[in-house]
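To start, the structure itself, in C-alpha cells.
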Amino acid sequence: MKFTKEQQEVIDVRSCNVLVSAAAGSGKTAVLTRRILARIMEEPTAASQPTAASQPIDIDRLLVVTFTRAAAAEMRERILSAIREECAKDPANAHLARQSVLIHNAKITTIDSFCSFLLRNHFDAAGLNPAF
C-alpha cells in the first residue's frame with residue numbers, strides 16, 4: 001500500500017503517543033498496523049545510550065484502543081498477519097517469532113474494555129467495591 005505523507009509520518013514518528021482519527025475507509029487500520037509492525041521490528045541504534053523509542057518492543061507492551069470489538073479483532077488479525085509475513089521473510093528472527101506468540105496477550109481492545117480492565121485491576125485506587 002502506498003501511504004500519503006501524513007500517513008507515513010504517523011508510521012515513522014517516535015518518542016510520542018499517536019492518536020489517529022480519520023473517516024471510515026481512509027486507511028487507519030493499515031497505517032496503525034504498519035506503525036505497530038515498524039515499532040516491534042525497530043532496529044537498535046548504534047548510540048551508546050539508545051532510547052526506548054529506538055529499540056524493538058514486544059507487542060504485549062503496546063496499548064491499541066479502538067471503538068468496536070470488530071475493529072479490535074480486525075486490528076489483531078492484521079497485525080498477526082503482518083508478523084507472520086515478516087517471519088516468513090526472516091525465519092531466523094527470534095524476536096519476530098516471539099511476537100506471533102505474544103500477540104495473544106496484547107492489549108488490542110475497545111475503550112470500554114480497557115476502562116473495565118483498569119477498574120477491575122485497580123478498584124482500590126478508584127474507591128470501588130472489588131465486586132463492582
Side-chain angles (χ1 to χ4, degrees):
M1 175 177 191
K2 178 89 169 129
F3 295 107
T4 66
K5 178 182 173 262
E6 292 81 10
Q7 288 172 322
Q8 194 62 52
E9 286 175 0
V10 168
I11 293 167
D12 296 338
V13 71
R14 298 293 182 269
S15 72
C16 67
N17 294 321
V18 174
L19 169 68
V20 176
S21 178
S26 63
K28 292 182 300 292
T29 303
V31 167
L32 289 174
T33 299
R34 188 56 40 192
R35 177 178 168 77
I36 291 164
L37 190 64
R39 191 62 187 92
I40 64 174
M41 293 178 61
E42 198 83 53
E43 290 294 326
T45 60
S48 59
Q49 292 294 323
T51 65
S54 65
Q55 300 298 310
I57 191 167
D58 286 331
I59 187 72
D60 64 344
R61 302 283 300 160
L62 298 174
L63 172 63
V64 181
V65 180
T66 67
F67 285 103
T68 68
R69 289 183 187 141
E74 180 181 354
M75 178 67 71
R76 183 180 302 275
E77 185 54 40
R78 285 206 198 180
I79 294 167
L80 180 56
S81 178
I83 290 170
R84 286 180 175 157
E85 283 179 30
E86 292 300 323
C87 282
K89 292 178 192 173
D90 186 6
N93 188 324
H95 176 72
L96 270 177
R98 178 176 155 80
Q99 303 316 301
S100 64
V101 173
L102 290 177
I103 194 163
H104 301 292
N105 296 325
K107 276 285 175 221
I108 303 171
T109 187
T110 63
I111 294 169
D112 292 350
S113 180
F114 178 65
C115 290
S116 179
F117 169 82
L118 285 178
L119 290 173
R120 280 192 315 273
N121 287 282
H122 302 284
F123 59 88
D124 53 334
L128 294 173
N129 180 318
F132 84 97

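The first residue in the sequence is number 1, and the count goes up from there.
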Within the structure provided, determine whether Ile103 and Gln99 are in side-chain contact (heavy-atom separation under 4.5 Å). no

Going by side chain to side chain donor-acceptor pair (under 3.5 Å), name the pairs with one or both residues in residues 60-77, residues two or more places apart or in two chains. Glu74-Arg78

Side-chain contact, heavy-atom cut-off 4.5 Å: Asp58 with His95? yes

With a 4.5 Å limit on heavy-atom distance, are the side chains of Met1 and Arg34 in contact? no

Report the residue from Val20, Val10, Thr33 that forms a side-chain contact (heavy atoms from CB on, under 4.5 Å) with Lys28. Val20

Under 4.5 Å between any side-chain heavy atoms of Gln7 and Lys2, yes or no? no

Could you give the distance from OG (Ser113) to CD1 (Ile111), rounded to the nearest 0.5 Å? 11.0 Å

Please list all pairs passing the side chain to side chain donor-acceptor pair (under 3.5 Å) test where one or both residues lie in residues 121-132, with sequence neighbours left out. none

The salt bridge (Lys or Arg N to Asp or Glu O under 4.0 Å) partners of Glu9 (sequence neighbours excluded) come to Lys5

Measure the spacing between CG of Leu128 and CZ of Arg120 and express it to the nearest 0.5 Å. 12.0 Å

Any non-hydrogen side-chain atom of Ile79 less than 4.5 Å from a side-chain atom of Leu32? no

Any chain of hydrophobic side-chain contacts (each under 4.5 Å) joining Val65 to Leu119? no

Smallest separation among heavy atoms of Pro91 and Ala88, with atom names: CD-O, 3.7 Å

Lys107 to Phe114, cation-pi by 6.0 Å centre distance and 45° axis angle: no

Dump the intermediate steps for side chain to side chain contact (heavy atoms under 4.5 Å, CB included) on Arg84 and Leu80, then the final yes or no. CA-CA 6 Å; Arg84 286 180 175 157; Leu80 180 56; 3.5 Å; yes

Report yes if some heavy atom in the side chain of Leu62 is under 4.5 Å from a heavy atom in the side chain of Ile57; otherwise report no. yes

For Cys87 and Ala97, which heavy atoms make the closest approach, and how far apart are they? SG-N, 3.7 Å

What heavy-atom pair brings Met41 and Leu96 nearest, and what distance separates the two atoms? CG-CD2, 3.8 Å

Measure the spacing between CG of Leu37 and CD of Glu85 and express it to the nearest 0.5 Å. 8.5 Å

With a 4.5 Å cut-off on side-chain heavy-atom distances among I, L, V, M, F, W and Y, is there a chain of contacts connecting Leu63 to Leu118? yes

Phe117 reachable from Phe67 in the ILVMFWY side-chain graph, under 4.5 Å edges: yes

Ile83 vs Ser100 side-chain heavy atoms within contact, under 4.5 Å: yes

Is there a chain of hydrophobic side chains (I, L, V, M, F, W, Y, each step under 4.5 Å between heavy atoms) that links Met75 to Val18? yes

